[in-house]
Amino acid sequence: MKQRLFILSQYLLPHHLLSRLIGCVAECRIGWLKNPLISWFAKQYQVNMSEAQNEDLRSFEHFNAFFTRALKAGARPLDETPGAILSPADGAISQLGAIEHGRIFQAKGHSFSAVELLGGDAERAAPFMGGQFATVYLSPKDYHRVHMPLGGTLKEMVYVPGRLFSVNQTTAENVPELFARNERVVCLFDTERGPMAVVLVGAMIVASIETVWAGLVTPPKRELKSTRYDAEARVPIELAKGAEMGRFKLGSTAIVLFGPNQVQWADQLCAGSAVRMGQLLGNARG
């Protein structure tokens, strides 16, 4: 009954209004509000501040600055295996595997459309059909910057409006097409392994999503927006393997896609496996 009520609440709550209100609190610079909030959060979720570049909880200008904190140099060493595909974020594997019949596995009994995930354009999704996906869930305690699994040149960024269902095991098992329904930012790159997509998926109370090239992405109007970054549109943006590419202000999920016969996920990884940014997620094939 408790689970049913939780799922029902997900459909009834005003997702965007709640998220924007919490976003305002997360940007508050008033000491008597932000300092207790940061201290409570760090204790409640056992945040490891010893690896943070700035360990002083009271020195952050607001909650979001704490939440998107930088780490000390060397805190996340990059796997140096030749052909390594890196985990884009700290978190846990939600699912990983093959994209079959245009569908991506979500949880038992549920999958979602790769076309819809990438904004509803079949041509945009075509290079990934029959390829591989990996979904990484970021928990509240995790480092919330997202990095490049493989070096690449940005070709297109697509803001896709949507709902803001909470993202966790319960919603994954009970909300159909969860990741293709939530608000998200699709980042498409050309890499040495062909096209690569990194999708930053929003969730309940995720106040905003940022990228290093565009800053705050969530537009004032919730309508699909595509921005090209090819040579004809603007100066190409190239990011190295392991470089930061985006961040969540209150976090959610990153989904990585590759085309067919390009990568093979590490054998030791499965649903529920803990991962850290920079560790081996998979290997290039061939």
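Atom set for the values below is all heavy atoms of this structure, side chains included, hydrogens, waters and symmetry mates excluded. Keep in mind it's a predicted model, so treat the numbers as computed, not measured.
Side-chain contact between Val198 and Pro149 is present, with heavy atoms from C-beta onward closer than 4.5 Å. Inter-residue side-chain proximity for Leu257 and Ile99 is flagged as met; some heavy-atom pair is nearer than 4.5 Å. Side-chain contact between Asp142 and Met277 is absent, with no heavy atoms from C-beta onward closer than 4.5 Å. Side-chain contact check for Phe63 versus Lys34: every heavy-atom pair is 4.5 Å or farther apart. No side-chain heavy atom of Gln279 sits less than 4.5 Å from a side-chain heavy atom of Leu86. Two residues are said to be in side-chain contact when any heavy atoms from C-beta on lie closer than 4.5 Å; Asn48 and Lys141 fail this criterion. By the 4.5 Å heavy-atom criterion applied to side chains, Leu200 and Ser252 are not counted as neighbours. For the pair Leu57 and Met49, the minimum side-chain heavy-atom distance is below 4.5 Å.
Between the side chain of Asp190 and the backbone N or O of Pro195 there is no donor-acceptor pair closer than 3.5 Å. Under the 3.5 Å distance criterion, the side-chain polar atoms of Arg181 are matched with a main-chain donor or acceptor of Pro176. Gln106 places a side-chain N or O within 3.5 Å of a backbone atom of Leu178 that can act as its donor or acceptor partner. Arg76 contributes no side-chain N or O that, together with a main-chain N or O of Arg276, makes up a donor-acceptor pair within less than 3.5 Å. Arg69 places no side-chain N or O within donor-acceptor distance of the main-chain N or O of Asn54, the cut-off being under 3.5 Å. Side chain of Trp213 to main chain of Met245: no donor-acceptor pair is present (N/O by atom type, distance under 3.5 Å, no hydrogens or angles). For Thr81 (side chain) and Ala84 (main-chain N/O), no donor-acceptor pair under 3.5 Å exists by modelled atom type.
In this pair, Phe67 and His144 present their aromatic rings tilted. The plane angle is within the 30 to 60° band.
His62 and Glu27 are linked by a side-chain donor-acceptor pair at a separation below 3.5 angstrom, with hydrogens and angles left out of the test. When only modelled atom types and interatomic distance are considered, Gln264 and Asn283 share no side-chain donor-acceptor pair under 3.5 Å. Between Glu183 and Tyr159, the side chains place a donor N or O and an acceptor N or O closer than 3.5 Å (distance only, hydrogens not considered).
Taking the charged nitrogens against the carboxylate oxygens, Glu80 and Lys241 have no contact shorter than 4.0 Å, which rules out a salt bridge. We find that Arg124 and Glu156 are joined by a salt bridge, their nearest charged nitrogen and carboxylate oxygen being less than 4.0 Å apart.
Minimum interatomic distance between Pro260 and Pro127 (heavy atoms only, all atoms of both residues): CD-O, 3.4 Å. Closest heavy-atom contact between Ser87 and Ala89: OG-O, 2.8 Å. Between Gly272 and Ala92, the closest heavy-atom pair is O-CB, 4.4 Å. Nearest heavy-atom pair, Pro88 versus Leu281, reported as atom, atom and distance to 0.1 Å: CD-CD2, 4.2 Å. Taking each heavy atom of Trp265 and Phe133 in turn, the nearest pair found is NE1-O, 3.0 Å.
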Verdict with supporting geometry, Phe248 and Thr68, side-chain contact (heavy atoms from CB on, under 4.5 Å): CA-CA 7 Å; Phe248 292 106; Thr68 59; over 6 Å; no
Derivation and outcome, side-chain contact (heavy atoms from CB on, under 4.5 Å), residues Arg145 and Arg247: CA-CA 4 Å; Arg145 300 189 184 191; Arg247 62 183 68 174; 3.2 Å; yes
Ring pair (Phe, Tyr, Trp, His ring centres under 6.0 Å) assessment of Phe258 paired with Phe128: CA-CA 6 Å; Phe258 282 96; Phe128 302 103; 8.1 Å; no
side-chain contact (heavy atoms from CB on, under 4.5 Å) assessment of Val158 paired with Lys225: CA-CA 6 Å; Val158 186; Lys225 180 181 179 182; over 6 Å; no
Working for salt bridge (Lys or Arg N to Asp or Glu O under 4.0 Å), residues Glu51 and Lys72: CA-CA 6 Å; Glu51 63 185 14; Lys72 293 174 181 174; over 6 Å; no
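Environment of CD in Glu192: sparse, with no more than 12 heavy atoms of neighbouring residues, nucleotides or ligands closer than 6.0 Å.
Atom SG of residue Cys187 and atom CG of residue Leu118 lie 11.0 Å apart, to the nearest 0.5 angstrom.
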